[in-house]
Amino acid sequence: MGDGWWGSGERPQKNEDARVRPFHIEASEEDNKDLHQRLDRTRYVTPLEEAQFHYGFPGTELQKIVSYWRGEYDWGKQVETLNRYPHYKTTIEGLDVHFVHVKPPHLPPGQKAVPLLLVHGWPGSFYEFYRIIPLLTEPGKHGLDPKVTFEVICPSIPGYGFSEAPHKQGFDAVAAARIFYKLMLRLGFSQFYLQGGDWGSLITTTLSQMRPEAVKGLHLNLLLMSNRGLRMLLCILLGRHLPWLVGLTREDVRRLFPYFEKSVYAVLRESGRGSE
């Protein structure tokens with residue numbers, strides 16, 4: 001696994017502060033005022049006629065979004081929603097790591113909760129798990145099997161949300177996996193389950209490879225297969241018209257390309273970066 005130091009300056013000689021500190025999300029009036037001033041200074045670009053979203057996000061539509069953020073969005077209500085679950089911070093490898101930790105409110109005598117680490121991706125955050133947390137920690141209340149009840153930990157990847165960003169170059173999925181493994185140990189879990197999507201998929205997969213004896217199960221909602229990426233891309237681009245060139249049969253074309261046109265092509269079309 002190795003070790004790391006991502007804090008500012010040199011690594012101190014003394015042991016790291018291992019305390020787990022409660023954390024409360026706040027949005028001050030000064031923060032809101034600063035946001036409003038920056039939104040008011042937004043400069044919009046005139047969009048191409050009848051271009052819709054094919055050349056990036058149109059300035060006319062962006063004005064509507066900014067107007068909503070500026071005048072209608074209730075930041076106070078959102079902060080209240082974010083603070084619905086207990087938040088904490090702890091220092092690991094020089095970084096203040098933020099996480100949500102939700103324990104089952106009602107467990108029968110003798111039953112133990114199953115520790116589950118949920119890791120978000122980009123451009124997500126811990127908040128994407130808020131709707132599923134009650135189903136995991138109070139399954140019986142939602143018509144699910146109460147014999148399988150989870151204790152949920154949702155960290156923010158360093159540099160995301162309320163986790164401190166690394167101060168050194170080279171932070172990667174291995175470093176994130178090691179930090180989250182140390183987090184689970186600090187919380188008293190030597191074995192646990194993992195769930196990850198997007199970057200979380202890579203981080204949790206890496207953690208399961210680094211410490212297989214600690215990971216009792218791994219669930220992914222994004223499967224990374226980078227070693228076949230080029231071949232798959234060629235199949236998509238050439239397969240319909242030149243199936244023999246990429247090793248596809250007529251039956252492959254008949255089965256694959258209605259799906260590609262409906263799903264894959266739509267993702268490619270809607271995932272443009274023109275506005276950047």
Side-chain angles (χ1 to χ4, degrees), residues 1-12 15-28 31 34-35 75 78-103 115-133 136 150-189 192-208 210-211 214-215 220-222:
M1 282 185 61
D3 199 5
W5 172 259
W6 306 99
S8 180
E10 297 294 326
R11 186 170 193 162
N15 292 333
E16 196 164 59
D17 183 359
R19 291 177 300 168
V20 174
R21 311 179 300 275
F23 174 72
H24 189 78
I25 298 173
E26 298 179 352
S28 66
D31 292 333
D34 176 68
L35 174 62
W75 286 101
Q78 185 60 30
V79 169
E80 184 178 322
T81 299
L82 292 174
N83 283 316
R84 180 192 314 165
Y85 298 117
H87 292 251
Y88 302 90
K89 282 190 176 184
T90 190
T91 305
I92 303 176
E93 297 191 6
L95 299 177
D96 280 345
V97 178
H98 161 264
F99 62 97
V100 174
H101 188 180
V102 185
K103 299 179 179 181
L116 174 63
L117 181 72
L118 304 176
V119 183
H120 66 87
W122 178 91
S125 72
F126 61 89
Y127 181 65
E128 62 193 54
F129 302 117
Y130 265 42
R131 290 173 63 183
I132 199 174
I133 287 176
L136 296 170
F150 292 92
E151 182 170 341
V152 176
I153 299 92
C154 306
S156 295
I157 300 172
Y160 290 70
F162 299 101
S163 281
E164 185 178 1
H167 297 266
K168 304 286 192 296
Q169 300 180 51
F171 190 87
D172 55 13
V174 173
R178 185 176 62 240
I179 285 176
F180 290 161
Y181 174 66
K182 292 180 178 180
L183 171 63
M184 295 302 282
L185 291 181
R186 188 167 295 181
L187 295 177
F189 303 116
F192 44 84
Y193 289 82
L194 297 173
Q195 143 66 28
D198 196 83
W199 275 123
S201 173
L202 180 58
I203 293 170
T204 53
T205 299
T206 302
L207 175 49
S208 67
M210 294 165 68
R211 280 290 183 265
V215 178
L220 305 174
N221 61 286
L222 174 67

Nearest 0.5 angstrom please: [X] [atom1] to [Y] [atom2], how far?
{"X": "L220", "Y": "Q195", "atom1": "CG", "atom2": "CD", "result": "7.0 Å"}
{"X": "T90", "Y": "R186", "atom1": "OG1", "atom2": "CZ", "result": "4.0 Å"}
{"X": "Q169", "Y": "W6", "atom1": "CD", "atom2": "CH2", "result": "9.5 Å"}
{"X": "M1", "Y": "M210", "atom1": "CE", "atom2": "CE", "result": "4.0 Å"}
{"X": "C154", "Y": "L116", "atom1": "SG", "atom2": "CG", "result": "7.5 Å"}
{"X": "I203", "Y": "I157", "atom1": "CD1", "atom2": "CD1", "result": "3.5 Å"}

Looking only at atom types and distance, does a side-chain atom of [X] sit under 3.5 Å from a main-chain N or O of [Y], one as donor and one as acceptor?
{"X": "S163", "Y": "S156", "answer": "yes"}
{"X": "S208", "Y": "T205", "answer": "yes"}
{"X": "R11", "Y": "G94", "answer": "no"}
{"X": "K89", "Y": "F99", "answer": "no"}
{"X": "E93", "Y": "D3", "answer": "no"}
{"X": "K168", "Y": "G9", "answer": "yes"}

May I ask you to test the [X]-[Y] pair for a side-chain heavy-atom distance under 4.5 Å?
{"X": "N221", "Y": "S201", "answer": "no"}
{"X": "W5", "Y": "E16", "answer": "yes"}
{"X": "L117", "Y": "Y193", "answer": "no"}
{"X": "Y127", "Y": "V100", "answer": "no"}

For L118, run the side chain to side chain contact (heavy atoms under 4.5 Å, CB included) check against I153, T204, L136 and tell me which one passes. L136

Can you find a side-chain donor-acceptor pair between N83 and E26 that sits under 3.5 Å? no

Where is the tightest heavy-atom contact between [X] and [Y], given as atom of each residue plus distance?
{"X": "I92", "Y": "K182", "value": "CG2-CD, 3.8 Å"}
{"X": "P86", "Y": "V102", "value": "CD-CG2, 4.3 Å"}
{"X": "Y88", "Y": "P22", "value": "CD2-CA, 3.8 Å"}

Kindly check if the number of other-residue, nucleotide or ligand heavy atoms within 6.0 Å of CD (Q78) is above 12? yes

Tell me whether I25 at atom CD1 has more than 12 heavy atoms from other residues, nucleotides or ligands lying less than 6.0 Å away. yes

Hey, what's the ring geometry for F162 with F126, parallel, tilted or perpendicular (30° and 60° as the breaks)? tilted

Parallel, tilted or perpendicular: rings of H101 and F189 (30°, 60°): perpendicular

Let me know which of Y130, F180, Y160 forms a ring pair (Phe, Tyr, Trp, His ring centres under 6.0 Å) with H120. Y160

Sorted by chain and number, sequence neighbours left out, side chain to side chain contact (heavy atoms under 4.5 Å, CB included) with E164 holds for L95, D96, H167

Measure from the ring center of H98 to the ring center of F23 and say whether it is less than 6.0 Å. yes

